[in-house]
Amino acid sequence: MSFQVDVRSATALTPQGSGQSIAIAQYGELFQGVVADEEQNLHRCLVSLPCSKLHSAAKFTFTDQDTVTVLPCVKEKARRAALLALKRLDAPFSGGVLEIESNISEGKGMGSSTADCTAAVWAVAKALQRSISSRETAEVVVNAEIASGNTMFERAVLFAHREGRVLEYYSQPLPGMVILGLDTARDETVDTLDFPAACYSSREIENFKVLRAALRRAITTQDVELLGRVSTASAEINQKFLPKPLFGHICQISHEVNALGVAVAHSGTVMAILFDLADPSCNAKARSATTMLSQIGITEVLRFQI
Amino acid sequence: MDNGRSVALLDAYRPALVPLAYNLTAAAFPLMKIYPAFGCVQEGITEGYVNDDTLIVESSSGTMALGLAIVCRWTGHRLTIVSDYACDPLIQMRLRDLGAHVEIVSHPSATGGYQRARLDRLGEIRGEHPNSWWPNQYGNPANAKAYSRFASQLVETLGQIDCLVGTVGSGGSVCGTASYLRMLFPELIVVGVDTFNSVLFGQLDGPRALRGLGNSLMPTNLDHTMFDEVHWVSAAEAFTATRLLHRKTALFRGGTSGACWQVARHWAERHPNLRTVCLFPDDGHRYVQNIYNDSYMAENQLWLASLPGCPQEVKSPREAESEWSWMEWGRRTYEQVLSEMPNASRSTPLVSSV
């Protein structure tokens, strides 16, 4: 970054420089539960279902003010993320303006605050002409917003979302899928922080062991059908904790069109039906599903790909 | 004992997944009962029933006793095993070496045979020791629950599984493993293997030459609604199959493995497009005096010239008589199947608590 130095007074430094960045949304999770690490300690964790069709854009501009302000001013988490990023990257200046623009709905389980915070961190890094890893970004974002999705990583990871720690990296990216995203309760929102964390039974924790192993197998071998089964099983467990209206109907539609399965926002209202990108009848299936969804009153569907 | 070490010990007993055919995999366990033994004791500790000084006491004639003795060696708990004549000297030696106290009941109970007699003696021992705990493999859900690690291994190694074949004694291994697999594969076909004169799937109690499967009392860990098919095999068929398995594959296994293989091999051949997994619960060491002893096999007419090529289908459990038979169980309850039997007698009593 460049700054002007007044040679007569070395303390008169005027910060300049700005950076912009984009971070993507998610559409709920392919998996969320509790797993053990090598020392057998349990961690809450998830694998986000990334949605690159929606995103937050951030611009950070250094100013000579003392602190960071954000526009719109409600984006407090992003502001915190920017502050933490400045500290983390040992920025020589502590003040600037953060601007956030996002097309991600809030309170739906689409990771709007994760995207805001991630974009803010990356914008700050860009303004400093510094790089920051996904892992470090995750730590900063979780500090800013307490619980976060894993969309700051280029590939799917098993992410301890309340700790900002990766529990498992996978050797492959997610296999290609076409996804129909929908909102089961358009007029409702869920505040991730207000909503109490699920209290799983010891049997459910054993269930997650099996789902975690299946998830690893599905991603490693690019078994998109198995991935659909894991996602559906995770959604079914979650239905006990944050039930989605029309869950049964949507699962039925998924079954009837021979989709891979469903995914849900484990702390939100959205759901998704998953299709195999490599399936030649994938488009026809997605069209059938869209028709059937409209018959149960779900007329707005977002189609995207990974 | 810390968690990391206990998991490492458990992993030392994990099964080898052995491909027997392109669509058939055997899970060959050194000693499958380690899983429910470990699971029950761990849960006892977690739930507060078991502390460092608790005397653990169980009724068993074989592998569950050995499994518990090994686990108690790791955890340091005192163990008493109540057994009967069927507890062979080799197991008794191992139990004592492992620090367990072994009691042998000498007479069977009027109803419920030796199994009932052992449970009665177990009850007496518990009365004498206030700080004692009974894992209760037949009724404790921690038994079935303990198979999550195994189900994880199966899915991670094989991916989708279409059929699970296993012998049934307590119901823990088959119902436990199947319940985890069905989270992902609800269409999974479950085939149970029982033996004649076992009450598990509707026959009447009677002497059984084939040990390690079947039961004189009904365990609550057996969820009948998990089963699509049930097969009954005889001791001669199981022992012959165990020897054939050894001759064909070099797998040195116990009698329940042979019984399971007999059914699974046939099932996999009849369903070439489905992937079948079969459970082989223990290895052959404890059977050198009988199954692997040619004189014993000849003297007791246990060597069959050949195994039946396929089982007889029966419509009702009591039609199955002495040779390999099978029945479409259709995920029904025990009561449903019983009600459809001609001249059904009153239902078998459940295993009662001690």
Side-chain angles (χ1 to χ4, degrees), chain A residues 30-31 33-43 158 168 170-172 175 200-240 251-252 254-255 258 260-262 274 276, chain B residues 1-11 14 17 35-36 38-49 140-162 164 172 175-188 221 223 275 277:
Chain A
L30 290 167
F31 171 77
V34 164
V35 307
D37 61 23
E38 293 90 33
E39 285 89 40
Q40 304 309 307
N41 299 312
L42 294 178
H43 302 268
L158 186 62
E168 189 171 345
Y170 298 108
S171 60
Q172 301 288 327
Y200 299 113
S201 68
S202 65
R203 171 64 195 225
E204 278 157 350
I205 293 173
E206 297 306 306
N207 288 343
F208 288 133
K209 270 187 189 148
V210 181
L211 293 187
R212 180 207 185 157
L215 180 63
R216 180 186 299 133
R217 164 98 187 175
I219 297 176
T220 307
T221 61
Q222 299 286 284
D223 186 343
V224 75
E225 278 190 38
L226 183 58
L227 185 59
R229 289 175 183 271
V230 171
S231 184
T232 304
S234 183
E236 279 165 1
I237 293 175
N238 181 260
Q239 187 62 8
K240 195 176 113 181
C251 288
Q252 179 62 22
S254 168
H255 184 72
N258 275 319
L260 299 173
V262 300
L274 313 175
D276 181 0
Chain B
M1 184 173 62
D2 71 84
N3 282 328
R5 180 161 174 259
S6 58
V7 164
L9 285 166
L10 195 64
D11 271 348
R14 72 196 329 233
L17 298 184
Y35 280 67
F38 188 79
C40 286
V41 171
Q42 266 220 319
E43 180 134 310
I45 294 170
T46 312
E47 297 296 303
Y49 301 122
N140 189 346
N143 173 352
K145 199 166 124 186
Y147 288 87
S148 56
R149 188 165 288 281
F150 171 54
S152 301
Q153 181 190 358
L154 281 180
V155 176
E156 189 165 354
T157 311
L158 301 173
Q160 174 153 343
I161 293 157
D162 303 304
L164 182 73
C175 296
T177 307
S179 69
Y180 287 113
L181 293 179
R182 278 199 178 144
M183 271 194 307
L184 291 160
F185 315 116
E187 338 75 64
L188 175 81
N221 264 317
D223 178 357
R275 173 178 280 117
V277 169

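Between A:V210 and B:A151, the closest heavy-atom pair is CG2-CB, 4.0 Å. The two residues B:P186 and A:R229 have their closest heavy-atom pair at CD-NH1, 3.8 Å. Taking each heavy atom of A:A213 and B:S152 in turn, the nearest pair found is CB-O, 3.5 Å. The heavy-atom pair separating A:R217 from B:T157 by the smallest distance is NH1-O, 2.7 Å.
Contacts of A:R203 with chain B are made by both backbone and side-chain atoms, with heavy-atom separations under 4.5 Å. For a residue to count as touching a neighbouring chain, one of its non-hydrogen atoms must lie under 4.5 Å from one of that chain's; by this rule A:E206 touches chain B with backbone and side chain alike. For B:L158, the part lying under 4.5 angstrom from a heavy atom of chain A is the backbone only. Heavy atoms closer than 4.5 Å to chain B are found in both the backbone and the side chain of A:N207. With a 4.5 angstrom heavy-atom cutoff, B:S179 touches chain A via backbone and side-chain atoms both. Neither the backbone nor the side chain of B:Y147 comes within less than 4.5 Å of any heavy atom in chain A.
Atom OG of A:S202 sits about 5.0 Å away from atom CD of B:E43, to the nearest 0.5 Å. The CZ atom of B:F185 sits 5.0 Å away from the CG atom of A:L226 when rounded to the nearest 0.5 Å. Atoms OG1 and CD, from A:T221 and B:E156 in turn, are 10.0 Å apart once rounded to the nearest 0.5 Å.
A salt bridge is absent between B:R182 and A:E236: the closest approach of a Lys/Arg side-chain nitrogen to an acidic carboxylate oxygen does not fall below 4.0 angstrom.
When the candidates B:G159, B:A8, B:P141 are compared by the number of heavy-atom contacts under 4.5 Å with chain A, B:G159 comes out ahead.
Residue-environment remark: OH (A:Y200) exceeds the threshold of 12 foreign heavy atoms within 6.0 Å.
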